[in-house]
**Q** 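Here you go, one structure.
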Amino acid sequence: MGKILEGKTAIVTGSGQGIGRCIALCLAENGAKVITNNRTPGSSINAFEKTDLSFTDEEKAELEKFNGDAQTTADEIIKSGGEAIPVYGDVSDPSVAEKLVTAAIDNWGRIDIIVNNASSNWVGNIMDMDTELWNISIASKLTGTFNMMHYAMPYMKEQGFGRILNSASDAFVGIPSYAAYGAANAGVVALTKASAQDLAGTGITVNVYTPLARTRSWFNARTKYRLNGISKEAIEAKAPDAMKNTAEGMVPFLAYLSSEDANGITGKLFKLAADGVVGLWSDSQVVKEIKTTDSIWSIEDLKRRIPTELLKDDHSNHEDKILAN
């Protein structure tokens with residue numbers, strides 16, 4: 001039996017380490033030729049923008065295991081008998097996104113799969129965020145995703161085949177301390193759903209997923225919580241089961257979505273967790289509404305009916321939670 005991605009070419013942004021690295025290795029294992037990518041050669045144990053954390057020696061040792069860049073990921077693919085080329089650069093820059101797509105075309109004559117995994121993050125109260133941090137968060141995740149799609153889609157349309165997989169995060173629902181990151185990921189969800197409809201009938205599918213696994217970002221978040229007075233044991237106890245595993249076991253789902261076997265699956269938002277769970281998120285929908293019998297709402301009616309009717313029995317949970325991806 002042949003490999004399901006034999007003859008296909010892929011670009012995986014942010015694939016120097018963590019989930020992106022696991023995705024690149026998995027696509028290559030299933031037959032794809034891969035362009036690997038991260039912003040610059042080398043890596044850092046710091047995962048959050050403009051944040052200087054005081055790591056313990058134990059934390060540093062754990063984080064060193066996650067070091068890597070586009071070159072080390074490409075080297076591992078090649079060592080295993082696959083084909084890979086590293087291309088450095090920040091995909092929020094349109095010229096870098098174009099360079100990645102051009103590299104696939106120049107070397108292998110086609111581009112079949114785009115995995116938009118790259119992102120930047122900062123954790124903290126929205127009142128402490130500045131415009132530079134906001135712009136970095138939005139650009140790396142949302143703008144970078146659009147840039148890669150923009151340059152790849154013409155080739156995919158000409159081929160009559162394309163798979164675009166966009167990484168989001170469950171932060172898109174609105175989680176304390178992740179305002180910009182959540183906003184960027186909510187944008188990716190909307191971009192995916194709209195693009196899937198725009199591209200219907202072209203042979204290009206567009207899907208989005210929320211991954212959850214133990215990564216460099218997880219260890220950075222754990223350190224930040226520790227510095228705020230929360231013990232390591234309490235953090236570990238509160239973390240989802242998926243945070244106890246790295247991403248290797250969950251990424252085969254993305255290889256499947258990248259294959260011809262996944263024809264017709266488009267515009268979906270999937271949950272992908274390292275504890276073996278694959279889920280499907282529901283679409284947002286209005287769950288309750290009230291209507292005035294007059295042409296214009298009166299303030300008195302609103303004061304009376306909002307808490308007693310529209311928001312009655314609303315148990316929305318906005319408690320803080322640990323998030324790493």
Side-chain angles (χ1 to χ4, degrees), residues 12-14 18-20 22-23 26 113-119 121 137-138 141-142 144-146 148-149 163-200 204-215 217-218 221 238-245 247 249-259 261-289 314-325:
V12 184
T13 67
I19 295 173
C22 290
I23 295 169
C26 181
I113 303 158
I114 298 287
V115 183
N116 286 305
N117 172 76
S119 68
N121 196 2
S137 295
I138 300 300
K141 170 61 74 170
L142 183 54
T145 295
F146 165 76
M148 291 302 303
M149 291 173 62
R163 297 288 185 262
I164 298 172
L165 307 180
N166 295 330
S167 175
S169 163
D170 59 0
F172 85 92
V173 303
I175 292 176
S177 299
Y178 289 87
Y181 186 65
N185 283 284
V188 170
V189 172
L191 172 65
T192 299
K193 289 184 171 291
S195 300
Q197 296 174 79
D198 289 344
L199 294 168
I204 305 170
T205 64
V206 194
N207 290 290
V208 57
Y209 59 96
T210 59
L212 202 59
R214 180 159 290 210
T215 64
S217 293
W218 151 254
K238 189 176 181 181
D241 287 341
M243 293 300 189
K244 300 180 174 102
N245 302 284
M250 72 183 190
V251 293
F253 175 72
L254 300 179
Y256 163 73
L257 274 188
S258 300
S259 72
D261 292 323
N263 282 334
I265 302 176
T266 192
K268 304 300 184 186
L269 172 56
F270 294 102
K271 171 187 175 180
L272 192 57
D275 58 345
V277 173
V278 175
L280 179 67
W281 287 83
S282 66
D283 287 326
S284 297
Q285 57 184 322
V286 177
V287 295
K288 188 186 293 186
E289 61 185 21
D314 176 44
H315 302 297
S316 300
N317 186 352
H318 299 291
E319 292 182 358
D320 197 3
K321 63 190 287 189
I322 293 174
L323 176 79
N325 302 298

**Q** When you compare the side chain of K141 with that of S167, does any pair of heavy atoms fall below 4.5 Å?
**A**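 Side chain of S167 against side chain of K141, heavy atoms only: contact under 4.5 Å found.
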**Q** Checking K193 against D283 for the salt bridge (Lys or Arg N to Asp or Glu O under 4.0 Å) test, could you report, in this order, the C-alpha distance in whole Å, the side-chain angles of both residues, the deciding distance, and whether it holds?
**A** CA-CA 10 Å; K193 289 184 171 291; D283 287 326; 2.8 Å; yes
**Q** Determine whether F146 and N116 make a side-chain contact, defined as any pair of heavy atoms from C-beta on separated by less than 4.5 Å.
**A**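 When only atoms from C-beta onward are counted, N116 and F146 do not touch, as no gap falls below 4.5 Å.
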**Q** Hey, does K268 have a side-chain heavy atom less than 4.5 Å from the side chain of L257?
**A**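 No; the side chains remain at least 4.5 Å from each other.
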**Q** Between the side chains of T192 and N166, is a donor N or O closer than 3.5 angstrom to an acceptor N or O?
**A**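 On atom types as modelled, these side chains qualify, holding a pair under 3.5 Å.
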**Q** For D241, check salt bridge (charged side-chain N to carboxylate O under 4.0 Å, His left out) against everything at least two apart and list the hits.
**A**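 Checked D241 against salt bridge (charged side-chain N to carboxylate O under 4.0 Å, His left out); matches are K244.
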**Q** Please assess M250 against N245 for the test side-chain contact (heavy atoms from CB on, under 4.5 Å), listing each intermediate value before the final yes or no.
**A** CA-CA 10 Å; M250 72 183 190; N245 302 284; over 6 Å; no
**Q** State, with a plain yes or no, whether a side-chain heavy atom of V278 is found less than 4.5 Å away from one of L272.
**A**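 Answer yes - side chains close enough.
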**Q** For F270, run the side-chain contact (heavy atoms from CB on, under 4.5 Å) check against L165, V208, L280, L254 and tell me which one passes.
**A**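 For F270, the side-chain contact (heavy atoms from CB on, under 4.5 Å) check succeeds only for L280.
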**Q** Indicate yes or no: at least one non-hydrogen side-chain atom of D314 is less than 4.5 angstrom from one of K288.
**A**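 Not touching, per the 4.5 Å side-chain cut-off.
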**Q** What I'd like to find out is whether the side chain of P240 reaches to under 4.5 Å of the side chain of L212, using heavy atoms alone.
**A**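 Side chain of P240 against side chain of L212, heavy atoms only: contact under 4.5 Å found.
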**Q** When you compare the side chain of Y178 with that of N185, does any pair of heavy atoms fall below 4.5 Å?
**A**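 Sidechains of Y178 and N185: no contact.
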**Q** Tell me, do L269 and F172 make a side-chain contact under 4.5 Å, heavy atoms counted?
**A**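 A side-chain contact exists here, since the closest heavy-atom pair is under 4.5 Å.
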